[in-house]
Amino acid sequence: MEEDGDNFIVDQPPPPPTEEELDRQDVGKLLYGCDHYRRRCKLRAPCCNEIFTCRHCHNEAKNALTNPKERHELVRHNVKQVVCAVCDTEQQVAEICSECGVKFGEYYCEICRFYDDNRTKGQFHCDDCGICRVGGRENFFHCKKCGSCYSVELRDNHLCVENSMKNHCPICYEFLFDSVKGTTIMKCGHTMHMECHTEMIHQNQYRCPICSKSVLNMSGTWQRLDMEIEATAMPEEYRYEVSILCNDCNSTGKAFFHILGHKCKHCNSYNTRMIGTGEDPQ
């Protein structure tokens with residue numbers, strides 16, 4: 001509201017766009033962009049003053065440089081200039097081109113400087129995360145302890161680990177928080193990429209790479225080990241006790257040495273490690 005002498009003039013909202021303006025805004029929709037996003041603008045990277053279609057294009061190019069000192073990543077919130085892909089006009093970050101009137105993206109986030117013509121992804125901005133995510137706001141909730149958005153299926157149904165998403169994937173070492181790949185939470189509360197988790201299981205690795213706890217229900221495997229150990233007696237000289245630590249319940253105890261494994265007496269897990277030997281007759 002503006003003051004004009006003794007009178008107050010109420011600011012009026014801008015008039016809705018005309019049909020002609022709406023038609024103009026749709027010019028080039030889904031026809032421009034890169035392998036990552038369909039959009040009708042490019043970004044001027046303030047870090048190197050070069051133009052890229054998106055931050056992923058920038059990061060791929062700059063992280064491939066032979067000189068490690070020249071490698072860097074684009075901070076999305078720092079972008080101040082965009083270039084219209086339709087008329088090639090450079091201008092300040094905005095939703096619509098100031099020159100030709102096209103909309104730079106059907107989805108636009110002023111905070112993230114993010115544009116995307118493909119609205120089927122269900123983009124939304126999470127204020128707590130501080131970035132845009134995909135998948136539909138109604139399908140996610142923000143876990144303040146873990147520090148990230150998770151599927152609503154995990155609400156009150158996951159083990160929280162402080163800022164667990166603000167770490168690198170323990171398999172591929174990509175930073176998880178703003179990764180475009182899907183993530184999963186393991187039983188222990190640690191996170192990794194879904195595809196990395198799947199590959200880990202295919203490689204018969206059943207323990208979390210961070211804390212070594214079992215990530216699957218291993219009860220059937222433990223039962224098979226029970227039967228194999230019972231059917232495979234150790235030679236007399238190897239029949240002694242060893243001290244063990246259980247990776248699953250963190251208990252310590254003793255078990256008779258066996259080449260196939262050592263069973264935790266507290267939780268029946270074979271996900272254990274030797275931490276010392278007992279009285280070895282040898």
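Heads up: numbering here begins at 1 and tracks the sequence.
- For Lys166 against Gly147, the heavy-atom pair with the smallest separation is CE-O, 3.7 Å.
- Counted within 6.0 Å of CG on Asn67, heavy atoms from surrounding residues, nucleotides or ligands total more than 12; the atom is thus considered enclosed.
- At distances below 3.5 Å, not a single donor-acceptor pair connects side-chain atoms of Asn139 with backbone N or O atoms of Val152.
- With hydrogens and angles disregarded, a donor-acceptor distance shorter than 3.5 Å links the side chain of Arg71 to the backbone of Leu65.
- Considering all non-hydrogen atoms of both residues, Gly130 and Cys112 come closest at O-SG, 3.9 Å.
- Listed by chain and number, the residues in a side-chain contact (heavy atoms from CB on, under 4.5 Å) with Asn167 amount to none (sequence neighbours excluded).
- Applying the salt bridge (charged side-chain N to carboxylate O under 4.0 Å, His left out) test to Asp23 and every residue at least two apart in sequence or in another chain returns nothing.
- Partners of Phe141 by ring-ring contact (aromatic ring centres under 6.0 Å, His included), not counting sequence neighbours: none found.
- When the ring-ring contact (aromatic ring centres under 6.0 Å, His included) test is applied to Phe256, no partner is found at least two apart in sequence or on another chain.
- Below 30°, between 30° and 60°, or above 60°: for Phe257 and Tyr240 the angle between ring planes is below 30°, a parallel geometry.
- When hydrophobic side chains of Ile, Leu, Val, Met, Phe, Trp and Tyr are connected at separations under 4.5 Å, Phe140 ends up clustered with Phe124.
- A distance of 8.5 Å separates CD of Glu106 from CD of Gln25, quoted to the nearest 0.5 Å.
- The backbone N or O of Thr232 sits less than 3.5 Å from a side-chain atom of His258, completing a donor-acceptor pair.
- A heavy-atom distance below 4.5 Å is not found between the side chains of Lys187 and Val215.
- Val93 and Ile51 sit in two unconnected hydrophobic clusters of ILVMFWY residues. Membership requires side-chain heavy atoms under 4.5 Å apart, directly or through other members.
- With sequence neighbours excluded, the residues forming a side-chain contact (heavy atoms from CB on, under 4.5 Å) with His56 are His36, Tyr37, Cys54, Val180, listed by chain and number.
- Here CE of Met192 is found 6.0 Å from SG of Cys169. Values are rounded to the nearest 0.5 Å.
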Would Ser269 and Cys249 count as a side chain to side chain contact (heavy atoms under 4.5 Å, CB included) if you check the C-alpha gap in whole Å, the side-chain angles of each, and the deciding distance to 0.1 Å? CA-CA 9 Å; Ser269 171; Cys249 70; over 6 Å; no
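- Here the CD1 atom belonging to Ile210 is positioned 5.5 Å from the CE atom belonging to Met186, to the nearest 0.5 angstrom.
- Residues passing the side-chain contact (heavy atoms from CB on, under 4.5 Å) test with Met194 are Thr184, sequence neighbours excluded.
- Looking at Arg44 and Val82, their side chains never come closer than 4.5 Å, going by heavy atoms from C-beta outward.
- Heavy-atom contacts from other residues, nucleotides or ligands closer than 6.0 Å to CD of Glu138 number more than 12.
- Panel note: side chain Thr272, backbone Leu245; no donor-acceptor pair is recorded below 3.5 Å.
- Relative orientation of the Trp222 and Tyr270 rings is tilted, given thresholds of 30° and 60° on the angle between their planes.
- Residues Leu260 and Val242 share a single hydrophobic cluster, defined by chaining ILVMFWY side chains whose heavy atoms lie under 4.5 Å apart.
- Of all the heavy atoms in Asn247 and Ser212, the pair that sits closest is CB-O, 3.4 Å.
- For the atom pair SG of Cys143 and CG of Asp156, the computed distance is 9.5 Å after rounding to the nearest 0.5 Å.
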Begin with the C-alpha distance, continue with both residues' side-chain angles, and end with the deciding distance and a verdict on salt bridge (charged side-chain N to carboxylate O under 4.0 Å, His left out) for Asp117 and Lys103.
CA-CA 9 Å; Asp117 267 340; Lys103 188 183 291 186; over 6 Å; no
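- Tracing side-chain contacts under 4.5 Å through hydrophobic residues (I, L, V, M, F, W, Y), one never reaches Phe177 starting from Val134; they form parts of separate clusters.
- The cluster map of Ile, Leu, Val, Met, Phe, Trp and Tyr, joined by side-chain heavy atoms under 4.5 Å apart, puts Leu30 and Phe114 in different clusters.
- In this structure, the side chains of Arg133 and Ser148 come closer than 4.5 Å at one or more pairs of heavy atoms.
- Between Gln123 and Asp116 the shortest side-chain heavy-atom distance falls below 4.5 Å.
- When side chains are defined from C-beta on, Val79 counts as touching Pro46, because their heavy atoms get closer than 4.5 Å.
- Summarising the geometry of His125 relative to Cys132, their closest heavy-atom pair is ND1-SG, 3.6 Å, with the distance given to 0.1 Å.
- Taking a 6.0 Å sphere around CG of Asp35, one finds it holds 12 or fewer heavy atoms contributed by other residues, nucleotides or ligands.
- Remark: side-chain polar atoms of His158 are paired, donor with acceptor, to backbone N or O of Leu154 under 3.5 angstrom.
- Within the 4.5 Å cutoff, the side chain of Cys47 has no heavy atoms near those of the Lys62 side chain.
- Listed by chain and number, the residues in a salt bridge (charged side-chain N to carboxylate O under 4.0 Å, His left out) with Glu73 amount to none (sequence neighbours excluded).
- Heavy atoms of other residues, nucleotides or ligands lying less than 6.0 angstrom from NZ of Lys42 number 12 at most.
- Shown here are the side-chain contact (heavy atoms from CB on, under 4.5 Å) partners of Thr221, two or more places apart in sequence or in another chain: Met218, Arg224.
- Proximity of a side-chain donor or acceptor of Arg207 to a complementary backbone N or O of Asn271 within less than 3.5 Å is not detected.
- Other residues, nucleotides and ligands contribute over 12 non-hydrogen atoms within 6.0 Å of the CD atom of Glu199.
- Applying the ring-ring contact (aromatic ring centres under 6.0 Å, His included) criterion to Tyr115, with sequence neighbours excluded, gives Phe104, Tyr108.
- Arg38 places a side-chain N or O within donor-acceptor distance of the main-chain N or O of Cys34, the cut-off being under 3.5 Å.
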Exercise. Between Ile244 and Thr252, is a side chain to side chain contact (heavy atoms under 4.5 Å, CB included) present by the stated rule, with each step listed?
Worked result: CA-CA 6 Å; Ile244 62 171; Thr252 57; over 6 Å; no
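- Distance alone, capped at 3.5 Å, is enough to place a donor-acceptor pair between the Lys213 side chain and the Asp248 backbone.
- For the pair Met165 and Cys146, the minimum side-chain heavy-atom distance is 4.5 Å or more.
- Without hydrogens or angle criteria, Gln91 side chain to Ser98 main chain gives a donor-acceptor distance under 3.5 Å.
- Side-chain N or O atoms of His142 include none that pairs as donor or acceptor with a backbone N or O of Asp127 at under 3.5 Å.
- Judged as a salt bridge (charged side-chain N to carboxylate O under 4.0 Å, His left out), and not counting sequence neighbours, Glu228 has no contacts.
- Annotation: salt bridge (charged side-chain N to carboxylate O under 4.0 Å, His left out) contacts of Arg39 (sequence neighbours excluded): none.
- Contact between Ser164 and Thr191 at its shortest, heavy atoms only, is O-OG1, 3.2 Å.
- When all heavy atoms of His77 and Arg113 are compared, the closest pair comes out as O-NE, 3.7 Å.
- For the pair Asp128 and Lys144, the salt-bridge criterion is met [side-chain N within less than 4.0 Å of a carboxylate O].
- Here the side chains of Pro170 and His190 are not in contact, with every heavy-atom distance at 4.5 Å or above.
- The hydrophobic clustering, which links ILVMFWY residues whose side-chain heavy atoms are closer than 4.5 Å, places Met274 and Tyr238 together.
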